[in-house]
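Protein chains get the first letters and strands the later ones, always in sequence-line order, with residue 1 at the start of each.
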2 protein chains.
Amino acid sequence: MDRRQKVTIKDVARKAGCGIATASRVLNKSGPASAEARERVEMAARELGFSFSALGRALQGGRSMTIGCLVPSLANPVFAEAVQGVQETLKGTGYQLLIASSNYDGEADNEAIATLAAKEVDGLIVTMVAPERSAALKQARQRGLPVSLMFHDPIDGFLTAHVDNFEAAREVARQFADRGHRHTAFLALRFSTSDRSRNRYAGFHAECRARDMFDPTLIELDEADANTPELLAAILAAQEGLTAIFASNDFLAIAVQKAARLMGESVPRDLSVVGFDGIEIGRLLDVPLATIETAPDAMGRQAAQTLLDMMQGRPGAQRPPLPFDFRVGATLGRPRTESRDDDQVRPRPPSVHSLKTDLKQG
Amino acid sequence: MDRRQKVTIKDVARKAGCGIATASRVLNKSGPASAEARERVEMAARELGFSFSALGRALQGGRSMTIGCLVPSLANPVFAEAVQGVQETLKGTGYQLLIASSNYDGEADNEAIATLAAKEVDGLIVTMVAPERSAALKQARQRGLPVSLMFHDPIDGFLTAHVDNFEAAREVARQFADRGHRHTAFLALRFSTSDRSRNRYAGFHAECRARDMFDPTLIELDEADANTPELLAAILAAQEGLTAIFASNDFLAIAVQKAARLMGESVPRDLSVVGFDGIEIGRLLDVPLATIETAPDAMGRQAAQTLLDMMQGRPGAQRPPLPFDFRVGATLGRPRTESRDDDQVRPRPPSVHSLKTDLKQG
DNA sequence: ATCACTTGTGGAAACGTTTCCAATTCGACT
DNA sequence: AGTCGAATTGGAAACGTTTCCACAAGTGAT
């Protein structure tokens with residue numbers, strides 16, 4: 001019962017009464033063989049239910065036809081969709097995907113890369129905490145492993161499929177400014193483990209300055225869970241004069257809406273909210289979410305295509321960032337108390353940076 | 001540059017001036033070695049940056065330490081979360097996940113299974129269109145490959161991690177009945193490729209009958225995309241007297257809410273909606289979604305654990321279904337025109353089965 | 001009948017491991 | 001000094017492929 005009996009090409013050859021080499025040639029159509037031999041080998045293979053072992057092939061051929069993929073988490077639909085995009089592009093190429101996830105842990109990132117490399121993957125598609133500082137990734141590249149990045153902004157020496165987070169965030173600031181918002185906040189999750197988030201903040205911050213708005217307050221959450229809205233409500237209640245929030249992803253943006261509801265405030269009358277990513281569900285909401293719409297699956301497809309090119313020896317250059325769209329939802333409006341045209345330079349209030357929410361650990 | 005120079009144990013042995021066997025023993029701590037030899041080998045390995053090739057190991061040891069996983073799509077958060085759960089359970093066991101997705105295509109299912117088997121995975125965790133009819137899966141099992149199912153209701157000869165779809169759907173019907181609904185519909189996506197969906201319909205249908213409600217109308221969509229709400233609105237407009245809809249997943253349920261809004265109807269005053277799955281975002285909605293709450297990650301964890309048990313020779317028995325919860329949201333209410341207690345048996349209206357929406361192909 | 005080809009064929013090496021087993025060394029005991 | 005056992009050690013086989021190469025057999029031309 002439990003005996004895992006493998007049928008090898010040796011068995012086929014024996015049954016067909018020929019040498020291994022001949023069987024291999026027939027089954028791979030890779031060399032000459034008499035009609036009669038072909039017939040016998042094919043028959044034998046069919047009867048035995050033979051199929052090649054990718055292991056033996058990989059060992060001998062030096063190519064495993066496997067691609068390693070590392071993402072922070074599949075529970076985040078953005079990454080899940082990207083991986084799906086990778087799968088689509090790989091479909092039909094014969095490559096399989098070995099997937100690891102690090103749960104946003106830089107240490108786990110390194111281990112995962114090492115493990116994937118040990119499995120002799122032919123290439124790596126990666127989103128990690130800090131690719132530019134990963135020893136394991138560096139070593140993999142030194143060994144000649146092609147690496148393609150996803151989501152990360154361009155890093156020296158790497159090719160990446162990305163959107164211009166800085167620019168996109170500036171766009172959000174512009175939209176806020178155009179509607180008269182001056183006092184805003186940037187809401188992020190796990191700021192320290194995401195260069196994307198940091199770049200969005202940087203862009204948002206820069207444009208706010210350029211538009212003579214207050215520096216945005218930085219609100220950082222450690223974790224998102226069921227009571228995130230309550231937590232947010234508490235934090236927001238402590239902020240005075242805030243009229244608009246830019247959330248680093250759509251999930252957070254939706255949580256902000258919920259928080260506003262809990263506080264008895266109305267979106268966008270009392271508070272404007274803009275998200276990032278453009279997940280499908282945002283559209284379906286009662287009050288459709290204003291957001292930066294990106295295409296994670298396209299990101300995955302591009303990263304995969306880049307990798308395929310590298311593996312075929314066509315190095316390719318860094319592609320321009322993928323386009324994003326500002327989706328005008330219904331969560332963005334004018335602030336209730338319009339700024340009264342007193343354009344004289346006012347002192348900026350001290351910006352509350354890194355308002356860490358360690359209420360839980362405390 | 002491009003030279004992929006592998007450091008093998010042979011290189012280590014040569015540099016350490018000893019035999020391969022000794023090097024192997026030292027590096028694996030699997031046998032005796034003099035302190036001096038140990039020292040030299042470890043030094044050599046470090047200097048060369050040696051790491052084992054999982055390929056050679058797998059070939060020799062007969063175990064690849066890789067597990068194959070097949071799901072319909074990672075773009076569906078339910079499956080993505082389940083895979084995440086699998087990853088969590090596998091973390092620390094040394095097993096890696098080779099992931100394939102079929103895009104709900106039964107043919108692709110078979111190919112994927114065959115490919116995974118060819119890669120010599122040590123076990124299979126699978127959600128597919130029709131496991132009971134898959135030739136490839138059958139063959140894999142005959143070869144002694146342990147197989148663990150996710151999401152599927154129990155099938156003879158397989159172990160599966162699941163929720164009781166039939167019972168859960170009955171619960172929905174009960175909730176409808178308790179509030180006085182009699183004329184309901186069941187909304188599904190790709191009915192033909194999902195036994196889960198079919199079982200939910202069956203349970204819903206059965207309980208509707210038991211409660212003397214009308215047979216639920218079956219509404220089936222081929223695909224969900226951006227204009228699903230419009231499509232739904234058109235379909236719903238044609239249904240008379242409908243007071244409640246059971247959607248086969250939360251995404252569809254949210255689309256129904258949007259459709260109702262498009263039609264100028266109010267949820268739950270004019271139409272009650274209940275979903276299935278219990279995705280996190282449903283909670284955050286303006287009108288929190290009533291739904292059957294399941295735990296996809298727990299499903300993944302259980303499936304993985306079952307597989308680990310099988311691989312360790314502990315066969316284990318089919319576990320009971322994982323619990324589900326009826327989440328009382330705000331999308332479920334009493335129908336506007338309360339059924340006037342005329343309990344005489346009324347003829348049921350012909351139920352519109354398989355109202356296929358091939359508006360697009362047509 | 002010999003030669004030079006073409007065609008078909010199978011032995012064997014190589015890929016990177018692990019592990020069995022025989023051989024070597026060494027100290028200790030008779 | 002000679003024998004014995006324990007502790008180390010390394011050669012070689014095996015895992016399932018592919019492919020190089022040499023060999024056999026057949027074919028047509030000289």
Per-nt protein contacts along nucleotides 7-16 of chain D (heavy atom under 4.0 Å; B base, S backbone sugar-phosphate only, - none) come out as -SBBB--BBB
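- With rounding to whole Å, B:Leu27 atom CG is found 14 Å from C:dT19 atom P.
- Partners of B:Tyr104 under the ring-ring contact (aromatic ring centres under 6.0 Å, His included) rule, at least two apart in sequence or in another chain, do not exist in this structure.
- A 4.5 Å side-chain heavy-atom check between B:Asp109 and B:Ser134 finds every atom pair outside the cut-off.
- The closest donor-acceptor contact from the side chain of A:Arg141 to the backbone of A:Gly157 lies under 3.5 Å.
- At D:dT18, one or more side-chain N or O atoms of A:Ser24 fall inside 4.0 Å of OP1 or OP2 (strictly under the cut-off).
- Using a 4.0 Å cut-off between charged nitrogen and carboxylate oxygen, B:Asp11 and B:Arg14 count as a salt-bridge pair.
- B:Leu159 has its side chain out of reach of B:Ser148: every pair of non-hydrogen atoms, C-beta onward, lies at least 4.5 Å apart.
- When the options B:Lys10, B:Met43, B:Glu47 are evaluated for a side chain to side chain contact (heavy atoms under 4.5 Å, CB included) with B:Lys15, the one that passes is B:Glu47.
- Relative to the axis of its first five pairs, the axis of the last five pairs of the helix from C:dA1-D:dT30 to C:dT30-D:dA1 sits at 70°, rounded to 10 degrees.
- Nearest heavy-atom pair across A:Leu116 and A:Ala100 is CD1-CB, 4.4 Å.
- Side-chain contact annotation: B:Thr66 with A:Lys119, donor-acceptor N/O pair under 3.5 Å present.
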